[in-house]
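Below is one structure, written out as structure tokens; comments come after it.
Chain A is the first sequence line, chain B the second, and so forth, proteins listed ahead of strands; every chain is numbered from 1.
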Amino acid sequence: MYALIDCNNFYVSCERIFNPNLSNRPVVVLSNNDGCVISRSEEAKKLGVPMGAPFYQYKNLFHKNHVKIHSSNYALYADMSERVMNILYKYTPDIEVYSIDESFLKFNGYDSFFNIELIAHQIKQEILKGVGIPTCVGFAPTKALAKVANRIAKKFPKELNGIYIIDSEKKRIKALKWLAIEDVWGIGKQLAARLRFMNINNAYDFTQLSDQYIRKEFSVVELRLKKELLGESVLKLEDIKNKKNIATTRSFEHDEKDFEFVKERIITFASVCGEKLRKQNSNANLISIFIQTNPQKETLQYRRTVVLKLPFATNSSITLAKYAIKGLEQIYKEGFAYKRAGVVVSGITDANHKQLNLFNDENSRHSQLMKTIDGLNRKIGQHKIKLAAQDLERTWKMRQEHLSKNYTTDINQIIEIDLNLA
DNA sequence: TCTGGGGTCCTAGGCCAA
DNA sequence: TCTGTTGGCCTAGGACCC
């Protein structure tokens with residue numbers, strides 16, 4: 001059996017732990033730059049706030065309904081996520097941390113020996129008591145069905161208490177007939193529209209299509225999905241692997257025409273990619289740089305990406321920045337106002353197994369220098385030590401007007417309790 | 001004025017070598 | 001030597017996920 005444990009409205013739930021004022025009232029958490037809504041409390045959902053809603057369009061609605069607004073505080077969420085996952089590891093070592101707020105667990109042979117419902121209850125209770133986050137638990141014979149079970153648990157909180165188990169054919173078929181096609185894990189907007197057009201309206205209809213037809217009209221991904229929904233486990237737990245791509249991309253606070261501005265951003269992104277590579281002890285062989293104008297505006301658009309092959313595998317921020325500038329110079333066009341830019345490194349290899357290059361190789365001092373920079377940044381706070389090409393005067397602040405404190409990761413921001421009031 | 005960011009996997013198509 | 005086929009590798013772009 002697979003279990004899917006999913007935290008309810010995760011970012012909002014994290015904010016609520018440290019701020020009881022947020023209980024039982026509409027709360028939203030915004031994306032970087034306070035751009036869109038990326039987490040909503042049940043009360044906010046009831047007000048009709050959709051996922052991804054642009055903040056500025058909903059400002060009035062929020063104001064009118066006293067919606068509490070928070071900028072995203074990823075340091076806090078990452079720490080709370082780790083606490084949740086640590087609890088899950090107590091139940092089984094077979095875990096796949098699928099995202100910041102959900103994990104698959106595999107319980108081999110538990111079906112006949114253990115009371116699954118009891119385990120589900122224990123998991124839920126322990127996370128709620130230990131971390132303060134409410135969760136939903138779905139159990140089923142495959143990962144895709146566990147997703148379905150979890151969805152049902154979420155949808156009927158009063159009746160099911162956040163737990164649903166698909167453990168019979170009858171329940172499986174009933175669940176699939178209930179699940180709208182666009183809500184199936186792996187069926188996105190485009191596929192759903194095509195399937196609806198073919199009168200395939202729910203997950204059950206989808207499983208009635210023949211293998212050949214699915215393979216011909218769609219792809220191997222959809223075929224696997226069909227098997228999973230039929231109860232044949234083809235998706236296994238994924239191991240924790242090093243990332244295959246590492247990206248650092250941002251929108252600017254305003255549209256920007258100045259080359260030097262964009263260049264400074266690109267250097268910073270390349271440098272951050274270097275840091276991320278070093279953190280997972282990897283090197284990159286390829287670097288791609290992209291810039292784009294604001295697609296929301298009806299002005300002439302420009303968007304280019306360039307991929308450069310690095311002369312040797314590297315994680316040096318200096319080398320990455322050097323090639324990032326080279327790439328930017330190739331794609332930058334005067335006269336456009338840019339809104340977004342980014343650097344992605346790929347072709348990732350293990351830094352311990354670097355292939356020697358006869359003609360080109362990195363200055364051997366880079367590696368020691370990077371170690372020193374990383375060490376200092378860890379000690380005195382993130383990103384205080386920069387490359388000279390980064391602007392030391394300007395501090396790049398995202399718009400984060402509603403940011404909560406780092407209650408659990410910064411000793412200076414730890415929560416204080418006034419015992420006189422308590 | 002104000003619309004996020006970071007991933008994965010798959011397919012198609014080009015190129016190249018056997 | 002030439003031509004056609006096949007399969008591997010690479011990359012770009014699309015679709016999907018959270």
Please work out if [X] contacts a base, only the sugar-phosphate, or nothing of the nucleic acid, heavy-atom cut-off 4.0 Å.
X        : result
A/Arg194 : nothing
A/Ser72  : nothing
A/Arg303 : nothing
A/Val344 : nothing

Does a side-chain N or O from [X] land closer than 4.0 Å to OP1 or OP2 of [N], or not?
X        : N      : answer
A/Ser251 : B/dG5  : yes
A/Lys309 : C/dC10 : no
A/Arg340 : B/dT3  : no
A/Asn33  : B/dT3  : no

Separation of [X] atom [atom1] from [N] atom [atom2], in whole Å?
X        : N     : atom1 : atom2 : result
A/Asp34  : B/dG4 : CG    : C1'   : 11 Å
A/Gln296 : B/dT3 : CD    : C1'   : 4 Å
A/Glu253 : B/dG4 : CD    : P     : 13 Å
A/Leu61  : B/dC2 : CG    : C1'   : 17 Å
A/Lys243 : B/dC9 : NZ    : P     : 12 Å
A/Phe55  : B/dC2 : CZ    : C1'   : 9 Å

Tell me which nucleotide among [options] gets nearest to the side chain of [X].
X        : options              : value
A/Lys297 : B/dT8, B/dG5, B/dC2  : B/dC2
A/Arg224 : B/dT3, B/dC9, B/dG4  : B/dC9
A/Cys36  : C/dT11, B/dG4, B/dG6 : B/dG4
A/Ser31  : B/dG6, B/dT3, B/dG4  : B/dG4
A/Ile246 : B/dG5, B/dC9, B/dG7  : B/dG7

Reading nucleotides 13-18 of chain C from 5' to 3' and marking B where a protein heavy atom lies under 4.0 Å of the base, S where only the sugar-phosphate is that close, and - otherwise, the string is --SSSS

Next on the checklist: Would you measure the distance from the P atom in B/dT3 across to the matching atom in C/dC18 and give it in whole Å?
Outcome noted: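 One P to the other, the span is 25 Å.
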
- Any cation-pi pair here, A/Lys171 with A/Tyr164, using under 6.0 Å and within 45°?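 Checked: cation-pi criterion met.
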
Regarding [X] and [Y], do their side chains bring together a donor and an acceptor under 3.5 Å, going by distance alone?
X        : Y        : result
A/Glu126 : A/Tyr91  : yes
A/Thr408 : A/Asp79  : yes
A/Lys124 : A/Asn161 : no

> In Å, rounded to the nearest 0.5 Å, how long is the span from CZ of A/Arg151 to CH2 of A/Trp185?
Replying inline: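 Reported value, rounded in 0.5 Å steps: 13.0 Å.
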
So how far is it from A/Glu401 CD to A/Phe55 CZ, rounded to the nearest 0.5 Å?
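Answer for the CD-CZ pair, A/Glu401 versus A/Phe55, is 7.5 Å.
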
Can A/Glu43 and A/Arg16 be counted as an ion pair, charged N to O under 4.0 angstrom?
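Yes, this pair counts.
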
Quiz item: Nearest nucleotide by nearest heavy atom, which residue falls closer to the 5' end of DNA chain B, A/Ile38 or A/Arg215?
Solution: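 Final value for this comparison: A/Ile38.
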
query: Closer to the 5' end of DNA chain B via nearest nucleotide, is it A/Glu238 or A/Gly35?
result: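 Looking at DNA chain B, the more 5' nearest nucleotide goes with A/Gly35.
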
Next item on the list: Output yes when a side-chain donor or acceptor of A/Glu159 lies under 3.5 Å from a complementary backbone atom of A/Lys155, and no otherwise.
Entry: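 Absent.
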
